[in-house]
Amino acid sequence: MRGNELANAGRVEEAKQEYLAAIALDPEHLKARFNLAGILQGRGEHAAALTQLDAAVVLLDKDPAYAYIKAPAFLMRGRARLALGSPAGALEDLDASVSHDPKNWATYLARAQAYRRLGQVEDAERDERRAEELRPSDPYVHYNEGSAHLAAGRYKEAIAALSRAIDIKPDFIQAYNNRAIAYLRDGQIENARRDQQRVRELSGTPPR
């Protein structure tokens with residue numbers, strides 16, 4: 001799908017238009033709706049993302065071939081509902097996400113936020129402990145997550161994930177490089193410069 005190629009190249013607005021065009025041609029284009037929702041959510045357009053995710057969830061029930069998307073789709077919809085001030089609705093989605101993928105630490109962390117907003121502190125603490133147990137210590141897991149966020153235009157999420165990779169592997173050149181890009185696109189110029197300098201130091205490139 002051309003939209004995916006554009007998103008991976010950081011051309012997020014063009015990717016968005018490709019997904020919209022694909023949906024206009026085929027309103028049941030599940031992957032286009034799912035990927036478009038990721039872009040919208042990354043930009044903070046949670047209501048628009050929720051519209052796409054609502055449609056995607058309906059389509060998921062029609063096509064078992066895409067069952068692997070269920071867990072991330074419910075996670076994304078849960079996050080959108082949290083952002084829109086609906087923790088009870090978010091909790092339903094996050095419960096569904098956990099049922100489809102009980103080993104995703106990010107889902108437990110999101111569900112803990114929903115529990116806290118509902119005043120269910122013990123449930124929130126339980127999920128926070130579970131998230132910590134599941135959180136991978138492999139820096140490449142965080143790097144891949146951060147790179148995916150970066151491609152989708154979710155710069156703050158990319159920075160957080162790439163920072164976790166760097167915490168585990170302080171000489172991770174690719175993670176510094178991608179975090180510099182994320183910082184730059186998020187408007188954090190000084191942080192971007194620091195990471196670019198660190199890339200030069202680690203790669204043995206003379207300073208500019």
Query - Qualifying residue for side-chain hydrogen bond (donor to acceptor under 3.5 Å, both in side chains) with His149, from Arg154, Lys156, Glu157 - result: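 Considering Arg154, Lys156, Glu157, a side-chain hydrogen bond (donor to acceptor under 3.5 Å, both in side chains) with His149 is found only for Arg154.
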Non-hydrogen side-chain atoms of [X] and [Y] separated by less than 4.5 Å:
X: Arg81; Y: Met76; value: no
X: Gln41; Y: Arg77; value: no
X: Leu40; Y: Lys16; value: yes
X: Asp93; Y: Arg79; value: no
X: Tyr155; Y: Leu150; value: yes
X: Gln196; Y: Arg194; value: no
X: Tyr140; Y: Phe172; value: yes
X: Lys31; Y: Tyr66; value: yes

Taking 4.0 angstrom as the limit, do [X] and [Y] come out as a salt bridge?
X: Asp123; Y: Arg126; answer: yes
X: Lys62; Y: Glu28; answer: yes
X: Arg11; Y: Glu14; answer: yes
X: Glu13; Y: Arg43; answer: yes

Indicate the atoms forming the closest heavy-atom contact of [X] with [Y], along with that distance.
X: Ala83; Y: Arg117; result: N-NH1, 4.5 Å
X: Ala37; Y: Ala49; result: O-CB, 3.7 Å
X: Ala175; Y: Ala165; result: CB-CB, 4.3 Å
X: Ala106; Y: Leu75; result: O-CD1, 4.4 Å
X: Pro139; Y: Ile168; result: CD-CG2, 3.7 Å
X: Arg135; Y: Leu109; result: NH2-CD2, 4.0 Å

Do [X] side-chain atoms and [Y] backbone N/O form a donor-acceptor pair below 3.5 Å?
X: Asp63; Y: Ala65; answer: yes
X: Ser147; Y: Tyr143; answer: yes
X: Tyr108; Y: Pro102; answer: yes
X: Ser97; Y: Leu94; answer: no
X: Arg33; Y: Pro27; answer: yes

**Report entry** Option passing side-chain contact (heavy atoms from CB on, under 4.5 Å) with Asp54 (candidates Leu50, Val57, Thr51)
**Finding:**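 With Asp54 as partner, side-chain contact (heavy atoms from CB on, under 4.5 Å) holds for just one option, Leu50.
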Requested in this report: Give the intermediate values and the outcome of side chain to side chain donor-acceptor pair (under 3.5 Å) for residues Arg116 and Gln113.
Outcome: CA-CA 5 Å; Arg116 284 196 179 278; Gln113 294 175 23; over 6 Å; no
Requested in this report: Could you check Ile69 against Leu60 for side-chain contact (heavy atoms from CB on, under 4.5 Å), going step by step and ending with a plain yes or no?
Outcome: CA-CA 8 Å; Ile69 293 178; Leu60 279 168; 4.0 Å; yes
**Report entry** More than 12 heavy atoms from other groups under 6.0 Å of CD on Glu122
**Finding:**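 Incorrect, the count does not exceed 12.
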Query raised in the report: For Arg111, which residues count as a salt bridge (charged side-chain N to carboxylate O under 4.0 Å, His left out) partner, sequence neighbours excluded?
Result: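 In terms of salt bridge (charged side-chain N to carboxylate O under 4.0 Å, His left out), with neighbours along the sequence ignored, Arg111 is linked to Asp95, Asp127.
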